[in-house]
Amino acid sequence: METLFIIKPDAVGKGVAALITKRIQEKGFRIIDSKTLKLSEQEAGEFYSIHKGKPFYDELVDFMTSGEIVVLRLEREDAVRYLREVVGATNPSNANPGTIRKDFGTSVCTNAVHASDSDENAKREIAFFFKK
Ligand code: UDP
Ligand code: MG
């Protein structure tokens with residue numbers, strides 16, 4: 001089973017992308033593919049189209065286009081559910097100790113990483129970045 005993981009511009013900018021990647025590998029995820037890139041406003045809007053119209057949408061698109069991101073295609077048993085557990089709650093203040101967002105996130109927007117929330121969305125998100 002596969003899922004999509006993104007190290008967001010706040011974490012890349014702080015230089016903790018390698019540290020976060022190592023943690024993911026220690027949790028048993030295998031990296032199938034990866035790339036570093038900067039999203040355009042249009043690409044970020046398309047990736048987060050499910051959130052269009054929500055109050056945080058514009059801030060989210062601004063943030064996600066503010067710097068480079070690292071995108072990882074990951075494989076593991078129970079990948080989608082387990083990665084969400086390792087990542088922690090959307091708001092780092094509510095995230096469990098030991099989760100990536102607790103340790104590296106700084107606000108509900110700048111929360112360090114993205115993880116697909118369902119098998120269906122994982123497929124869509126992997127195709128968005130990796131399938132041509
Ligand atoms: N977000 C935000 N404010 C909110 C909720 C979400 O800025 O009140 C941002 C945050 O970066 C989050 C992303 O929008 O990771 C997508 O939101 P979602 O509810 O899908 O959270 P996630 O699945 O990333 O935990
Ligand atoms: Mg989500």
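Read the numbers this way: they start at 1 and go in the same order the structure lists the ligands and their atoms. Heavy atoms only: backbone and side chains are in, while hydrogens, waters and symmetry mates are out.
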(request) Return a yes/no value for Phe63: is any of its N or O atoms, backbone included, closer than 3.5 angstrom to an N or O of ligand 1? (result)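 Such a contact does not occur with ligand 1.
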(request) Using distance alone, determine whether Glu59 and ligand 1 share an N or O pair under 3.5 Å. (result)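 So ligand 1 has no N or O lying under 3.5 Å from an N or O of Glu59.
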Minimum side-chain heavy-atom gap [X]-[Y] below 4.5 Å:
| X | Y | value |
| --- | --- | --- |
| Ile24 | Arg76 | no |
| Val108 | Thr90 | yes |
| Val71 | Phe130 | yes |

(message) Test of understanding: clusters of I, L, V, M, F, W, Y form through side-chain heavy atoms closer than 4.5 Å, transitively. Do Phe5 and Met1 belong to the same one?
(response)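 Phe5 and Met1: separate clusters.
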(request) Could you list which atoms of ligand 1 come closer than 4.0 Å to a heavy atom of Leu60? (result)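 Ligand 1 atoms under the 4.0 Å threshold to Leu60: 9 (C), 11 (O), 13 (C), 14 (O).
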(request) Output the list of atoms in ligand 1 that are nearer than 4.0 Å to some heavy atom of Asn111, sorted by atom number. (result)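 With Asn111 as reference, the close atoms of ligand 1 come out as 10 (C), 11 (O), 12 (C), 15 (O).
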(message) Can you tell me how the ring of Phe47 sits relative to the ring of His114, calling it parallel under 30°, perpendicular over 60° and tilted otherwise?
(response)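 Aromatic pair Phe47/His114 classed perpendicular.
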(request) May I ask you to decide if Leu4's main-chain N or O and Ser116's side chain share a donor-acceptor pair within less than 3.5 Å? (result)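 Yes: the side chain of Ser116 pairs with the backbone of Leu4.
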(message) Can you see whether Phe129 has Arg73 sitting over its ring - NZ or CZ less than 6.0 Å from the centre and within 45° of the normal?
(response)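 No.
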Looking at [atom], what's its closest protein heavy atom, distance included?
| atom | result |
| --- | --- |
| atom 23 (O) of ligand 1 | Arg84 NH1, 2.9 Å |
| atom 6 (C) of ligand 1 | Phe56 CE1, 3.5 Å |
| atom 20 (O) of ligand 1 | His51 NE2, 2.9 Å |
| atom 21 (O) of ligand 1 | Thr90 OG1, 3.3 Å |

(message) Which option wins on minimum heavy-atom distance to atom 10 (C) of ligand 1: Asp58, Asn121, Val108?
(response)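 The option holding the nearest heavy atom is Val108.
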(request) Give the contacting part of Arg101 toward ligand 1: side chain, backbone, both or neither, where contact means a heavy-atom distance below 4.0 Å. (result)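 For Arg101, the contact with ligand 1 is made by the side chain alone.
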(request) Classify the contact between Lys8 and ligand 1 as side chain, backbone, both or neither, using a heavy-atom distance cut-off of under 4.0 Å. (result)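 Side chain only.
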(message) Please identify which of these residues, Glu2, Glu75, Glu77, meets the salt bridge (charged side-chain N to carboxylate O under 4.0 Å, His left out) condition with Arg30.
(response)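 Single salt bridge (charged side-chain N to carboxylate O under 4.0 Å, His left out) partner of Arg30 among Glu2, Glu75, Glu77: Glu75.
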